[in-house]
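In what follows, chains carry the letters A, B, and so on, assigned in the order in which the sequence lines appear, proteins first and then strands, with residues in each chain numbered from 1.
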Amino acid sequence: MKKEIRNTKTQLSEKMNPFSTPDSYFDSFSERLMSRIDNECVPETKEKTSFYRILRPALIMAASFAAVFFIIFIPVHTTDPELTSKSDDHTIELVDIMAFYFMDENEIINAFENDDTYYSDNDAVLEEYLMASITEYDLVDYNN
Amino acid sequence: MQTESLINRLKQENTKRLAFHELVKTYQEKLYWHIRKIVIGHDDTDDVLQNTFIKVWNNIESFREESGLYTWLFRIATNEALTFLSQKKRRSIFSGNFENDYLINSLVSDEYFEGSEIQLKLQKAIIKLPDKQRLVFNMKYFDEMKYEDMSKILDTSVGALKASYHHAVKKIEEQLKQE
């Protein structure tokens, strides 16, 4: 097995290394390398990159949540009239309940007595309608 | 002791530059020839050697002294050379034998290859080996490196290295018989 390799090695022994380099390559290599390091290796840049790398997954996740919120939540709540009116009604109801809770009985009675809108033209129209359409017999039947 | 002092100076900001120049002067030739046998062409070797030393410059603070400076440098150089080849492979539209074709073209067109016909044949046969076998063959056959040292650099057991070398020799022998 190794015989042929050994023969080849003997033939190659005069010049084991068939590769060469340009003249004074190793003399100038260090200088070329240092100038490349001076141009490329800026420590501030490295710090910025590593800081960004650490924050990157969290930033991506936050951006994804924000995107989902803007795409789904906001359009639904601004365009659906049912949801919008419901939320408005709830707000009004809550304000009324809170106001009523903090009033005493006298304040409530005064509020009804002083309310000009309590007896309106609509009430007069309704009274006239009832007088015209309900007979005495109807009233007797109702009382019985 | 000399290496220890060099490492200490490399880790201090005020002495780093001068110590690094000393390190490059000491190891540039050994690393160059190690890389050259992997990537074949001189220009590619120059790129990989520069990348190797830049990696050393950027990571010298994290160097753990128990692994040995020589072993650490060779390990970085080997990884850089193999990464370079895999990048070349990835960028190509072709897969399969691309790496072999690229390396054989580099060998044939390289103006800094001055080998004879038989040396060219041998190099072509070596190029056709899988990466790991090629590495082991070059380090054992040309550099005459001990299996124990090779084991530290390649992070592979001595037994596995011996097996790799054995397979490599067999394949080269077959290749040479065919031509």
Side-chain angles (χ1 to χ4, degrees), chain A residues 1-68 70-71, chain B residues 13 16-18 20-29 31-33 35-37 40-43 45-47 49-58 106-107 110-123 125 137 141-144 165-166 168-170 172-177:
Chain A
M1 175 197 80
K2 291 175 185 167
K3 200 178 172 184
E4 193 159 343
I5 294 289
R6 219 175 287 135
N7 290 340
T8 311
K9 197 171 181 177
T10 314
Q11 288 176 58
L12 297 173
S13 62
E14 285 178 15
K15 195 179 181 183
M16 280 292 288
N17 186 3
F19 300 104
S20 65
T21 60
D23 292 337
S24 5
Y25 169 73
F26 291 115
D27 297 334
S28 61
F29 177 78
S30 183
E31 282 169 34
R32 286 192 299 118
L33 176 71
M34 289 318 292
S35 67
R36 194 179 149 188
I37 285 172
D38 291 339
N39 288 332
E40 286 181 17
C41 303
V42 184
E44 284 77 10
T45 315
K46 198 187 167 190
E47 274 174 25
K48 269 184 190 171
T49 311
S50 60
F51 183 68
Y52 174 69
R53 270 186 196 166
I54 293 164
L55 280 181
R56 201 172 167 232
L59 288 171
I60 290 170
M61 198 175 276
S64 310
F65 279 120
V68 168
F70 280 110
I71 291 167
Chain B
E13 207 54 50
K16 184 178 179 179
R17 204 177 168 88
L18 206 63
F20 186 72
H21 178 75
E22 199 179 316
L23 175 96
V24 172
K25 285 283 174 195
T26 309
Y27 292 100
Q28 61 179 4
E29 283 198 50
L31 293 178
Y32 175 90
W33 293 117
I35 295 165
R36 182 76 183 266
K37 287 186 202 99
I40 304 296
H42 165 75
D43 292 337
T45 307
D46 184 49
D47 285 344
L49 186 63
Q50 286 190 35
N51 293 342
T52 301
F53 278 118
I54 286 171
K55 215 152 219 184
V56 172
W57 173 269
N58 288 332
S106 294
L107 179 69
D110 189 8
E111 58 176 312
Y112 300 107
F113 180 81
E114 297 168 345
S116 62
E117 193 61 35
I118 186 95
Q119 282 172 323
L120 186 65
K121 270 186 187 176
L122 179 63
Q123 284 300 326
F137 182 82
Y141 181 77
F142 290 110
D143 304 339
E144 297 179 341
Y165 183 71
H166 174 78
V169 170
K170 265 197 154 184
I172 290 169
E173 191 184 36
E174 281 166 19
Q175 282 287 324
L176 292 174
K177 271 181 193 170

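- Counting heavy-atom neighbours within 6.0 Å of A/D23 CG, excluding the residue itself, gives a total of 12 or less.
- Contacts of B/Q28 classified as side chain to side chain donor-acceptor pair (under 3.5 Å), with partners at least two apart in sequence or in another chain: none.
- Summarising the geometry, atom NZ belonging to B/K37 is positioned 6.5 Å from atom CG belonging to A/N17; distances are rounded to the nearest 0.5 Å.
- Taking the side chain as every heavy atom from C-beta outward, A/F19 and B/Q119 never approach each other to under 4.5 Å.
- When the shell of 6.0 Å around NZ of B/K55 is examined, it contains 12 or fewer heavy atoms from other residues, nucleotides or ligands.
- Atom CD1 of A/I37 sits about 9.5 Å away from atom CZ of B/F53, to the nearest 0.5 Å.
- Neither the backbone nor the side chain of B/D43 comes within less than 4.5 Å of any heavy atom of chain A.
- The shortest distance between side-chain heavy atoms of B/R17 and A/D38 falls below 4.5 Å.
- Contacts between B/L120 and chain A at a heavy-atom distance below 4.5 Å are absent for every atom of the residue.
- Per-residue heavy-atom pair counts under 4.5 Å with chain A were compared for B/E111, B/R36, B/K25, and the maximum is reached by B/R36.
- Atom OG1 of A/T21 is separated from atom CG of B/D46 by 10.5 Å, given to the nearest 0.5 angstrom.
- With sequence neighbours excluded, the residues forming a ring pair (Phe, Tyr, Trp, His ring centres under 6.0 Å) with A/Y25 are A/F29, B/Y32, B/H42, listed by chain and number.
- Among all heavy-atom pairs drawn from A/R36 and B/D47, the shortest one is NH1-O, 4.3 Å.
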